[in-house]
S.K.: 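My questions will all concern the structure given below.
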Amino acid sequence: MWGVGCGPESWLRSAGVQPSGVDVSPECVAEYRRRGGEAVVGCATAPPFADGAFDSVWSFGLLHHLPDDAARRAVAEMQRVTRAGGCTVIFDAVLPRAAWRRPVAALIRRLDRGRWMRTESALTALLAPLGEWECERLTYSLTGLEGLLDTFRKPCQ
């Protein structure tokens, strides 16, 4: 299992799973390793892994930090390193459907460090050319933050 853009601590590790991590930040990778994880410094758009290296590839909150072209390349690379029959799972933040109904969530999203916060339709349009994705919109905090959970199952060959 591979966690893309793992940062210093993966959400997967907190759930008891031990993914290999990759992050562009040497400091984040060092902290991830210090906490007992296996990680390498690398870029999501050119990961240092062979085709089909992982049963599953997971990404939490990475795509809204990447412009569209880089996000598409990163997702294509996630799919490349997922083995046949495996899955690629992406969870990323999306803008609220109605900002006036979720003003705190809308403000948090506007203040996010990610420069490419997308609407649900913009995120699904980004993924569409890369295969058939199962998408589920989730509200996951008391502030009304919303995200899109996208799963791609790689066909067996």
Side-chain angles (χ1 to χ4, degrees), residues 1-66 68 70-96 105 108-109 112-118 120 122-124 126-157:
M1 178 179 293
W2 174 39
V4 185
C6 65
E9 182 62 50
S10 168
W11 287 7
L12 294 170
R13 284 178 42 86
S14 63
V17 180
Q18 300 299 316
S20 298
V22 66
D23 201 285
V24 295
S25 165
E27 295 81 14
C28 285
V29 168
E31 181 61 19
Y32 193 87
R33 289 177 181 161
R34 189 188 70 71
R35 295 179 183 193
E38 186 179 311
V40 297
V41 176
C43 182
T45 59
F49 304 117
D51 294 359
F54 299 97
D55 291 339
S56 61
V57 176
W58 297 72
S59 171
F60 293 98
L62 171 67
L63 297 185
H64 69 276
H65 293 279
L66 302 175
D68 288 354
R72 271 190 218 90
R73 278 195 314 275
V75 174
E77 286 297 301
M78 290 178 216
Q79 290 174 320
R80 179 187 67 78
V81 301
T82 301
R83 71 163 175 78
C87 65
T88 304
V89 180
I90 296 170
F91 180 80
D92 211 78
V94 291
L95 293 168
I108 290 170
R109 291 296 185 232
D112 191 278
R113 291 175 296 141
R115 292 181 40 209
W116 293 276
M117 189 65 64
R118 297 173 177 91
E120 178 180 357
L123 183 54
T124 56
L126 186 74
L127 299 174
L130 301 169
E132 291 188 31
W133 293 80
E134 295 173 26
C135 301
E136 180 181 358
R137 190 181 185 105
L138 305 169
T139 300
Y140 62 94
S141 77
L142 294 176
T143 61
L145 291 176
E146 298 174 43
L148 197 62
L149 179 64
D150 304 292
T151 306
F152 174 81
R153 303 215 179 270
K154 191 167 187 177
C156 291
Q157 299 173 342

S.K.: Heavy-atom count around Trp58 CH2 within 6.0 Å, excluding the residue itself: above 12?
M.R.: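 12 or below, so no.
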S.K.: Quick one: do Arg137 and Glu146 make a salt bridge, cutoff under 4.0 Å?
M.R.: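 Judged by the 4.0 Å cut-off on N to carboxylate O distance, Arg137 and Glu146 do form a salt bridge.
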S.K.: Just by modelled atom types, is the Glu120 backbone N or O under 3.5 Å from a matching donor or acceptor in the Thr124 side chain?
M.R.: yes
S.K.: Please, which pairs that meet ring-ring contact (aromatic ring centres under 6.0 Å, His included) have at least one residue in residues 12-46, sequence neighbours excluded?
M.R.: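 Residue pairs with at least one partner in residues 12-46: there are none.
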S.K.: Measuring from Leu148:CG to Asp92:CG, what's the distance to the nearest 0.5 Å?
M.R.: 8.5 Å
S.K.: Suppose we screen for side-chain contact (heavy atoms from CB on, under 4.5 Å). Which residues come up paired with Pro8, at least two apart in sequence or across chains?
M.R.: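 Only Cys28, Glu31 meet the side-chain contact (heavy atoms from CB on, under 4.5 Å) criterion with Pro8.
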S.K.: Go through the structure and list residues passing side-chain contact (heavy atoms from CB on, under 4.5 Å) with Asp55, not counting sequence neighbours.
M.R.: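 In terms of side-chain contact (heavy atoms from CB on, under 4.5 Å), with neighbours along the sequence ignored, Asp55 is linked to Arg83.
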S.K.: Going by side-chain hydrogen bond (donor to acceptor under 3.5 Å, both in side chains), name the residues that satisfy it together with Thr151, two or more places apart in sequence or in a different chain.
M.R.: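 Residues passing side-chain hydrogen bond (donor to acceptor under 3.5 Å, both in side chains) with Thr151: none at all.
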S.K.: Would you say that more than 12 heavy atoms from the other residues, nucleotides or ligands in this model lie under 6.0 Å from the CD of Gln18, or not?
M.R.: yes
S.K.: Kindly write out the residues that satisfy side-chain contact (heavy atoms from CB on, under 4.5 Å) with Ala53, not counting sequence neighbours, or none if the list is empty.
M.R.: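 Ala53 satisfies side-chain contact (heavy atoms from CB on, under 4.5 Å) with Phe49 only.
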S.K.: Short question: side chain of Lys154, backbone of Gly86 - any donor-acceptor pair under 3.5 Å?
M.R.: no
S.K.: Do Arg33 side-chain atoms and Ala39 backbone N/O form a donor-acceptor pair below 3.5 Å?
M.R.: yes
S.K.: Residues two or more places apart in sequence or in another chain: which of them pass side-chain contact (heavy atoms from CB on, under 4.5 Å) with Trp133?
M.R.: Val75, Gln79, Thr88, Ile90, Leu127, Leu130, Cys135, Asp150, Phe152
S.K.: Among Pro47, Pro19, Ser20, exactly one meets side-chain contact (heavy atoms from CB on, under 4.5 Å) together with Phe54. Which residue is that?
M.R.: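 Only one of Pro47, Pro19, Ser20 forms a side-chain contact (heavy atoms from CB on, under 4.5 Å) with Phe54, namely Ser20.
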S.K.: Might you confirm whether atom CZ of Arg80 has over 12 heavy atoms from other residues, nucleotides or ligands at distances under 6.0 Å?
M.R.: yes
